[in-house]
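Index from 1, following the sequence.
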Amino acid sequence: MRILLILLSILSTTIKADEYKIGSGIRVANSPIYIGGYVMLDYINRNDNYNRIRIDDIALISYANYSKFSYLAEFEIKDSYVKEWGKRDSFDSSERISVERLHVDYSYGDNFDFRIGKFNTPVGYWNLTPISVLRDSASSPYLAYILYPRYTTGLQIKYENHLDGGDEYTAIVQNNQDLDDSYNNMHIKTHVAFGVERESDLLFVKANVGYFKAVSGIESYYYLLSLLYEDTDYDISAELGGRKVDSGWSVPYALYLQGVYHLTPQHDIVARVESYEIDEGAFRNEQIGIMGYTYRPVQSMAYKAEYQLRSYTNESQIKLSFSVLF
């Protein structure tokens with residue numbers, strides 16, 4: 001909490017009312033460098049008398065573009081304030097600053113882009129929207145946590161063929177420790193993946209395959225098929241994938257289908273269905289249905305509410321959140 005107050009104090013003393021636009025960050029003098037950040041708070045009430053309120057994200061972001069180069073640096077404090085009550089009572093706080101993203105990009109000609117550092121693994125569509133305020137729903141599909149490492153520390157090469165329907169090809173390689181393995185869903189030391197995407201009017205489709213080796217030595221292979229359709233009044237997205245280890249399928253399948261209906265530019269209705277199966281020591285198969293509402297007074301601020309109906313009925317819950325990008 002102390003760090004949040006310091007960040008807000010710095011921003012408030014630097015902002016000029018006629019230059020600042022919420023969500024775009026603050027320009028440093030006359031340089032190409034911008035500094036901003038975001039905050040996310042949420043509240044959960046579960047059927048089994050469990051309640052939790054927390055400050056989930058406090059992040060500081062810096063970015064710049066200069067000629068063919070650009071960079072992005074994002075440092076975050078996760079779960080800086082967590083209060084639980086009802087089924088169990090507890091309180092926890094943290095001021096540990098983690099490296100979420102830190103990379104430099106270079107554009108070569110009109111077709112190639114190179115990225116080096118720590119970045120979001122470029123698989124599917126959900127994982128490419130890491131900032132909570134920009135997502136449609138208050139929660140993320142379970143698929144995004146169990147199939148692949150959400151972050152990669154290494155090299156990314158992207159090629160876009162402008163002459164053939166805008167096909168895009170992406171390859172990544174990591175052969176080192178994570179830049180900050182405390183901020184990743186899987187602790188890995190090797191990661192290789194390839195993806196191809198095709199665009200047709202309002203429809204985007206993508207296929208990804210990958211391999212990674214955990215610090216523990218376990219090797220995994222995964223695939224992910226994704227679809228995104230964006231219209232004026234509604235969006236539809238879907239992803240389906242699986243993960244395999246030497247002994248068999250640790251995640252035989254995981255999928256979600258989500259629809260977003262834009263009532264107005266500020267009001268959205270969100271519906272999502274999910275299903276997954278995990279066989280890693282303990283077997284679990286679950287189906288989840290989500291109905292939610294999102295209100296954005298401005299694009300960089302969101303109030304969200306959703307009800308999650310889960311096949312493990314005691315885990316069905318209401319989730320409320322507030323997030324802002326400044």
Main-chain N/O of [Y] paired with [X] side-chain donor or acceptor, under 3.5 Å:
X	Y	value
Thr264	Gln266	yes
Ser94	Arg96	yes
His187	Asp181	yes
Ser316	Asn47	no
Lys304	Ser137	yes
Asn49	Arg46	no

Pairing donors with acceptors under 3.5 angstrom, does anything connect the side chains of [X] and [Y]?
X	Y	value
Ser323	Arg135	no
Asn51	Tyr43	yes
Glu84	Ser90	yes
Asn285	Tyr253	yes

Looking at side-chain heavy atoms only, is the closest gap between [X] and [Y] below 4.5 Å?
X	Y	answer
Phe326	Met301	no
Arg150	Asn184	yes
Pro32	Asn65	no
Lys189	Gln177	yes
Tyr71	Tyr66	no
Thr121	Phe212	no
Leu155	Ile157	yes
Leu263	Ile269	yes

For the atom pair [atom1] ([X]) and [atom2] ([Y]), what is the distance rounded to the nearest 0.5 Å?
X	Y	atom1	atom2	answer
Asp92	Asp79	CG	CG	8.0 Å
Asp235	Gln258	CG	CD	9.0 Å
Asp178	Lys118	CG	NZ	4.0 Å
Tyr183	Ile77	OH	CD1	11.0 Å

Where is the tightest heavy-atom contact between [X] and [Y], given as atom of each residue plus distance?
X	Y	result
His262	Thr232	CD2-O, 3.5 Å
Ala254	Leu143	O-CD1, 3.2 Å
Glu239	Trp126	OE2-N, 3.2 Å

Set of side chain to side chain contact (heavy atoms under 4.5 Å, CB included) partners for Glu286, sequence neighbours left out: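 Scan of Glu286 (side chain to side chain contact (heavy atoms under 4.5 Å, CB included), adjacent residues dropped) gives Tyr276, Arg284, Ile288, Arg310, Ser311, Tyr312, Glu315.
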Working for side chain to side chain donor-acceptor pair (under 3.5 Å), residues Ser275 and Gln287: CA-CA 4 Å; Ser275 183; Gln287 289 72 47; 3.3 Å; yes
Intermediate values then yes/no, side chain to side chain donor-acceptor pair (under 3.5 Å), Glu74 and Tyr38: CA-CA 10 Å; Glu74 182 177 351; Tyr38 60 90; 2.4 Å; yes
Salt bridge (Lys or Arg N to Asp or Glu O under 4.0 Å) involving Lys244 - partner list, sequence neighbours excluded: none
Ring geometry between Tyr108 and Tyr106 (parallel below 30°, tilted from 30 to 60°, perpendicular above 60°): tilted
Whether Tyr221 and Tyr211 hold their rings parallel, tilted or perpendicular, with breakpoints at 30° and 60°: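 Answer is tilted, since the angle falls between 30° and 60°.
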Intermediate values then yes/no, side chain to side chain contact (heavy atoms under 4.5 Å, CB included), Val270 and Tyr293: CA-CA 6 Å; Val270 183; Tyr293 163 76; over 6 Å; no
Carboxylate-amine/guanidinium contact Glu160 Lys158, below 4.0 Å: no
CG (Asp201) with more than 12 external heavy atoms under 6.0 Å: no
